[in-house]
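Atoms within each ligand, like the ligands themselves, are counted from 1 in listed order.
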Amino acid sequence: MSDQKKTATLTVNGQSHELPVLTPTTGPEVVDIRKLYAQAGVFTYDPGFTSTASCDSTITYIDGEEGVLLHRGYPIDQLAGKSHYLEVCYLLLYGELPTAADLEKFENTITHHTMLHEQMQYFFRGFRRDAHPMAIMVGVVGAMSAFYHDSTDINDPRQREIASHRLIAKMPTIAAWAYKYHTGQPFIYPRNDLDYASNFLRMCFAVPVEDYEVNPILSRAMDRIFTLHADHEQNASTSTVRLASSSGANPFACIAAGIACLWGPAHGGANQACLEMLREIGTPDRIPEYIARAKDKDDPFRLMGFGHRVYKNFDPRAKVMKQSADEVLELLGIENNPTLQVAKELEKAALEDPYFTDKKLFPNVDFYSGIILEAMGFPTSMFTPIFALSRTVGWISQWKEQFSDPQHKIGRPRQLYLGETERDYIDIESR
Ligand code: SDX
């Protein structure tokens, strides 16, 4: 934290209070209100956290106005173009790009943690066959605290590190097995001779009677999708992980809480909702009808994959995703994919409409990702599990960072109380 010479003055009930102003490396300054209640006897009010910094962090920086996303200072488009997911995992976890030797050691560690405890198979079998893969992921990841009890002591840095590696390594296996269980096919074990993205694709699409030859185009696109979803500052699911962790809960329980939060259609569930919306629109001639619905105050319908709490410009991830969608579909010979056509026409129509441009609503990371995932052969129900798999390293990195602050304490917001003041109980005979 930089020096706190600057202050802000807040006058409440005729009393002025000097509040320190904290200076960031880049981005908005922060008024430190930690002592406000003790000094002034008032709370601040910010239900959606639109103007609230919940922590300090060195991991990810977003400039919403400029459409900038940096991971440890490196722009997302450079990482997506030049790096790969496990190298980005190392960067997020440890703060610097690895040397070749460090990267080899890290990748070797992750590769050798991809198998699940054999008994976990039976845990999957407790779900109905038609269970949504996200329901399975929430349950199975939470259950990891029962199977990997030897890495749940959050006060032991070595156990924290082992839990981090186990989660990053095992999430593709858990997501793939959730998909296999959902389809009624046998589980496919990971293979140590495959890279992270290829292993995941093979575990999803191979069957015992016919192996799956990983197409390098698809594994590169899959790896890029993992990278584009890796971390994103203090979004809803990351804030959920931080809040759960602040009580001292074990890492598996905290990540399960993050998965549960990500599932919502306003957050990570938007990629599934967006593709279902594009399919429902079906053809470009129906776009005006849906644009009108999105603008109608009385209609709860919103354009899925559009808008963002922070980005008031293009989501830089959406730009890379759109380019990847064009490349992958062309290389697969399905460039005239009707869903992609509708997406492009819809984006064009929305960005020519003052309703969207005035409110600074642009395509976000979820607008094009589903088109690529569908082209790879995934059902829409697997879109959010893939987001959860990708975001695990971000959740874990933010979880780890929380422990680096010796002052960290349990998160416990207050409220604006609008209920009844104290009153006496009324016996039922008198009601
Ligand atoms: C993710 O936070 C993160 O970083 C998340 C994420 C990550 O990587 O972790 O980036 C991943 O969650 C991306 C967002 C995916 N969600 C969607 O695509 C769902 C559709 N988008 C909206 O639900 C909405 O835009 C949110 C939830 C993303 C953001 O909502 P905000 O910031 O609370 O904005 P808002 O709801 O206050 O909207 C501001 C105005 C409103 O109109 P007014 O009340 O001012 O008249 O814009 C309108 C909204 O009605 N609006 C939309 C819209 N999004 C906002 N209108 C139509 N379609 C939309 N998509």
Q: Kindly state if atom 18 (O) of ligand 1 has a protein heavy atom within a strict 4.0 Å cut-off, that is, under 4.0 Å?
A: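 Yes, at least one protein heavy atom sits under 4.0 Å from atom 18 (O) of ligand 1.
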Q: Is R317 near ligand 1, meaning one of its heavy atoms is under 4.0 Å from it?
A: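 R317 counts as a contact of ligand 1 under the 4.0 Å cut-off.
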Q: Look at atom 34 (O) of ligand 1 and say whether a protein heavy atom is found at less than 4.0 angstrom from it.
A: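 False for atom 34 (O) of ligand 1.
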Q: Evaluate the side-chain proximity of F124 to L116: yes if any heavy-atom separation is below 4.5 Å, no if none is.
A: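 In contact.
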Q: Note the single closest protein heavy atom to atom 57 (C) of ligand 1, along with its residue, its atom name and the distance in Å.
A: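 I find the closest protein heavy atom is A294 O, 3.7 Å.
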Q: Could you walk me through whether V21 and V30 pass the side chain to side chain contact (heavy atoms under 4.5 Å, CB included) test, one step at a time?
A: CA-CA 6 Å; V21 173; V30 172; over 6 Å; no
Q: For ligand 1, which is the ligand I care about here, please tell me if F306 has any N or O atom under 3.5 Å from one of the ligand's N or O atoms.
A: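 By distance alone, the answer is yes.
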Q: Out of Y355, Y290, F367, indicate the one that has the non-hydrogen atom closest to atom 56 (N) of ligand 1.
A: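 Ranked by closest heavy atom to atom 56 (N) of ligand 1, first place is Y355.
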Q: Write out the residue and atom name of the closest protein heavy atom to atom 58 (N) of ligand 1, then the distance separating them to 0.1 Å.
A: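 I find the closest protein heavy atom is L303 N, 3.1 Å.
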Q: Quick check on the 6.0 Å ring-centre criterion: do Y311 and H232 meet it?
A: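 That pair passes the under 6.0 Å test.
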Q: Please check if the distance between the ring centroids of F403 and H408 is under 6.0 Å.
A: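 Close enough - the centres of the two rings lie under 6.0 Å apart.
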Q: Going by the closest heavy atom to atom 15 (C) of ligand 1, which one wins out of D366, I291, D231?
A: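 Checking each option, the heavy atom nearest atom 15 (C) of ligand 1 is found in D366.
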Q: When you measure from atom 28 (C) of ligand 1 to every protein heavy atom, which one gives the shortest distance, and what is it?
A: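 Among all protein heavy atoms, the one nearest atom 28 (C) of ligand 1 is G307 O, 3.7 Å.
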Q: Could you pull out the closest heavy-atom pair between S237 and W395, with the gap in Å?
A: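 Taking every non-hydrogen atom into account, OG-NE1, 3.1 Å.
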Q: For the 3.5 Å polar cut-off, considering only N or O atoms, please tell me whether H308 and ligand 1 meet it.
A: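 N/O-N/O distance under 3.5 Å: yes.
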Q: Within 4.0 Å of atom 39 (C) of ligand 1 (strictly less), any protein heavy atom?
A: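 It does not: no protein heavy atom is found less than 4.0 Å away from atom 39 (C) of ligand 1.
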Q: Can D130 and R128 be counted as an ion pair, charged N to O under 4.0 angstrom?
A: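 Looking at D130 and R128, the cut-off is met.
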Q: Can you see which heavy atom on C204 is nearest to which on F378, and at what distance?
A: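 Reported closest heavy-atom pair: SG-CE2, 3.7 Å.
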Q: Taking 4.0 angstrom as the limit and counting only heavy atoms of A270, give me the atoms of ligand 1 inside it, by number and element.
A: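 Taking each heavy atom of A270 in turn, ligand 1 has 15 (C), 16 (N), 17 (C), 18 (O) under 4.0 Å.
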Q: Under a 4.0 Å threshold between the charged nitrogen and the carboxylate oxygen, would D353 count as salt-bridged to K295?
A: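 Result for this pair is yes, salt bridge flagged.
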Q: Which pair of non-hydrogen atoms, one from S246 and one from K409, has the smallest distance, and what is that distance?
A: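 Distance-wise, the nearest heavy atoms are CB-O, 3.6 Å.
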Q: Ignoring hydrogens, what is the shortest heavy-atom contact between S145 and T152? Give both atom names and the distance.
A: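 Minimum heavy-atom contact is O-CG2, 4.1 Å.
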Q: Using a 4.0 Å cut-off to any heavy atom of G305, which atoms of ligand 1 qualify?
A: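 Here the atoms of ligand 1 in question are 17 (C), 18 (O).
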Q: Any non-hydrogen atom of P265 lying under 4.0 Å from ligand 1?
A: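 So P265 counts as touching ligand 1.
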Q: Under 4.0 Å from any heavy atom of R309, which atoms of ligand 1 are there?
A: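 Within the 4.0 Å cut-off of R309, ligand 1 contributes 29 (C), 31 (P), 32 (O), 33 (O).
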Q: Who's the nearest protein heavy-atom neighbour of atom 4 (O) of ligand 1, and how far?
A: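 It is H232 ND1, 2.5 Å.
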Q: For atom 46 (O) of ligand 1, tell me which residue out of H229, K297, M304 has the closest non-hydrogen atom.
A: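 Looking at heavy atoms only, K297 sits closest to atom 46 (O) of ligand 1.
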Q: Counting only heavy atoms closer than 4.0 Å, does ligand 1 sit against the backbone of L361, its side chain, both, or neither?
A: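 L361 to ligand 1: side-chain contact only, backbone stays beyond 4.0 Å.
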Q: Which of the atoms of ligand 1 are close to A266, meaning less than 4.0 Å from one of its heavy atoms?
A: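 Counting from 1, the qualifying ligand atoms are 12 (O), 14 (C), 15 (C), 16 (N), 27 (C).
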Q: If we set the cut-off at 4.0 Å for heavy atoms, which region of C274 has an atom near ligand 1: side chain, backbone, both, or neither?
A: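 Contact part for C274 vs ligand 1: neither.
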Q: With respect to atom 49 (C) of ligand 1, which of R302, K359, H267 exhibits the smallest heavy-atom separation?
A: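 Of the listed residues, R302 has the closest heavy atom.
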Q: Can you confirm, on distance only, whether ligand 1 has an N/O atom lying under 3.5 Å from any N/O atom belonging to D315?
A: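 Not met; the criterion fails.
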Q: Show the nearest heavy-atom pair for residues A343 and I371, with the distance to one decimal.
A: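 Residues A343 and I371, closest heavy atoms: CB-CD1, 3.6 Å.
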Q: Nearest heavy atom to atom 2 (O) of ligand 1 wins, so pick from N364, D296, N235, I62.
A: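 Among N364, D296, N235, I62, the closest heavy atom to atom 2 (O) of ligand 1 belongs to N235.
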Q: Nearest 0.5 angstrom please: I291 CD1 to E352 CD, how far?
A: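 One finds 9.5 Å between CD1 of I291 and CD of E352.
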Q: Got I287 and Y290 here, is their nearest side-chain heavy-atom distance under 4.5 Å?
A: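 No. Closest side-chain heavy atoms not under 4.5 Å.
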Q: I need the nearest protein heavy-atom contact for atom 9 (O) of ligand 1: residue, atom name and distance, please.
A: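 Here the closest protein heavy atom is R391 NH1, 2.9 Å.
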Q: Are R293 and F301 in a cation-pi contact, defined as NZ or CZ under 6.0 Å from the six-membered ring centre and within 45° of the axis?
A: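 Geometry flag: set, cation within 6.0 Å and 45°.
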Q: Would K344 and E347 pass as an ion pair if we require N to O under 4.0 Å?
A: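 Looking at E347 together with K344, the answer is no, because their closest N to O distance does not fall below 4.0 Å.
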Q: Can you find a protein heavy atom closer to atom 26 (C) of ligand 1 than 4.0 Å?
A: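 Looking at atom 26 (C) of ligand 1, one finds that no protein heavy atom lies closer than 4.0 Å.
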